[in-house]
Amino acid sequence: MMSAKVRVRFAPSPTGYLHIGNARTALFNYLYARHTGGAFVLRIEDTDVERSKREYETALVKDLRWLGLEWDEGPDVGGPFAPYRQSERLGIYNEYLNRLIGEDKAYKCYCTGDELQARRDAAMAEGRTPEYDGRCARLSREDVAQFENSGRAFTYRYRVPEKQVIVRDLVRGDVEFDTALIGDPVIMKSDGTPTFHYAVTVDDALMEITCVLRGEGHLPNAPIQVVLAEDIGFAAPEFAHMSQTLAPDGGKLSKRRGAMSLGDFREKGYLPEALVNYMALLGWSPGGNREVLSLAEAAELFEVGNLTKSAAYFDPQKFAYICRRHMQSAEGQYLARLGRAFLDKEGLAVDDEALARLVEMARERMEKLEDLPALVRQYTGRLELDADARTALQEETAAGVLTDFTVRLAAAGSVDEAAVKAAFKATQAATETKGKSLYMPVRAALTGSTSGAEILEIMPILGLEEVLSRLEGAARMTRGG
Ligand code: GLU
């Protein structure tokens, strides 16, 4: 049997910003589609008019693009099943509602919000489940006429058939539910907008979604969606309910523990490659102890059946490690381009050549580009000499070395490797010093320390002028200065 092409969707409600938890759902859908050569659909679930905001949709589109999770169909790119924004599909929901009403599978419910709440409270107090009691499913003609005449607002509820439902879940296996335990859900609200269950069911079917991959919090919704789909005459999709992401201590992710919005991560200069990599490891493993991988590599290795059932924990140390690994391997030009904005923000002017060198020195010590300005300052700013550096300058020969070396570099007019080496050679001969006595005063003068950055590396970054000025400053601190 030929299996149908995989079609998956990410269906965010634009009621807030994306964070690692929900962006991970988008990522796994993307990986599943790319691995199988299927389609990745973006559908905006904006039927909750009060909570949905266009600015959130704009932000999440920007965030997904930043991560590199391009979709094949969606509100902005279109596709064969457009529109992809639920608020533009109200006519479709009405059409199927009328069908359900015609077949007596949906009915009007006149219960008010207050009445429903009071009954829920009473049920809870008596230890019963607070499901809808089905009262409007059994109204007499007279009751209906009375409600209609009084102009009562109404919703439509779906008459859930009593049966055992199997939810086919690629992560959890077949999960069986008894629908007798499920109250009839509202499918159309009194304002004429569909509820989540209903819109999702209709859209997943019409958009030919083959597998609904989403957070495990939605598992209890799956049986309703399966029976509803079948009652409308659709084939129910498969599901893959992935585990949650929790904070290291098992609590909910909080802002300080990984639940920053993706926009926050971007503003701090985290690399999207690192985020995508880390998110992919939350509940999935490429196998072979492999941890560092690109989006394309993850897509190649991804198997939906390998998603874990157990919760994933956000691990700040592992996250930092993955971030550093991507910093180390990223293209220098790419880092320089991103890093420039962070230097500009702090008024640090560095020319392109120096920036390229600074990035090479700093990348080993950065987790995010927000760390760059401090490192640049450390490499280029005014120096505080540490105790060892001050001791090195107290050596008898230090003054002579610094003065001679300064003159030779100034004459060479360059701090490239050849000029620096030639200057050292000449100073060595002229001052009859070598080894530590020759190099330490220079190193102390340039870096403020007797260990750390290599002299040959740091000079081109500082530039000739800064080198000369540091050498002269240090010469004044020597015994002879
Ligand atoms: N709009 C729903 C949410 O954001 C999507 C649920 C689903 O994937 O079915 O939770």
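Order of listing sets the numbers, starting from 1, for every ligand and every atom in it.
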| message | Against ligand 1, does Phe10 come closer than 4.0 Å with any heavy atom? | response | no
| query | Applying a strict 4.0 Å limit to heavy atoms, is Gln225 in contact with ligand 1? | reply | no
| Proximal atoms of ligand 1 relative to Arg214 (non-hydrogen, under 4.0 Å) |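 With Arg214 as reference, the close atoms of ligand 1 come out as 7 (C), 8 (O), 9 (O).
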| request: Could you tell me which atoms of ligand 1, counted from 1 in the order shown, lie closer than 4.0 angstrom to a heavy atom of Ser13? | output: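 That gives atoms 1 (N), 2 (C), 3 (C), 4 (O) of ligand 1.
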| Protein heavy-atom partner closest to atom 5 (C) of ligand 1 - residue, atom, separation in Å | Ala11 O, 3.1 Å
When the aromatic ring centroids of [X] and [Y] are compared, is their separation below 6.0 Å?
{"X": "Phe196", "Y": "His218", "value": "yes"}
{"X": "Tyr93", "Y": "Tyr156", "value": "no"}
{"X": "Phe234", "Y": "Tyr96", "value": "yes"}

| query | Which is closest to atom 8 (O) of ligand 1 in terms of heavy atoms, Arg9, Gln86, Glu45, His218? | reply | Arg9
| query | Are side-chain heavy atoms of Tyr158 and Tyr198 found at a separation under 4.5 Å? | reply |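 Tyr158 does not reach Tyr198 side chain to side chain.
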| message | The test is salt bridge (charged side-chain N to carboxylate O under 4.0 Å, His left out); show your working for Arg159 and Asp231 and say whether it passes. | response | CA-CA 10 Å; Arg159 203 185 294 280; Asp231 251 350; over 6 Å; no
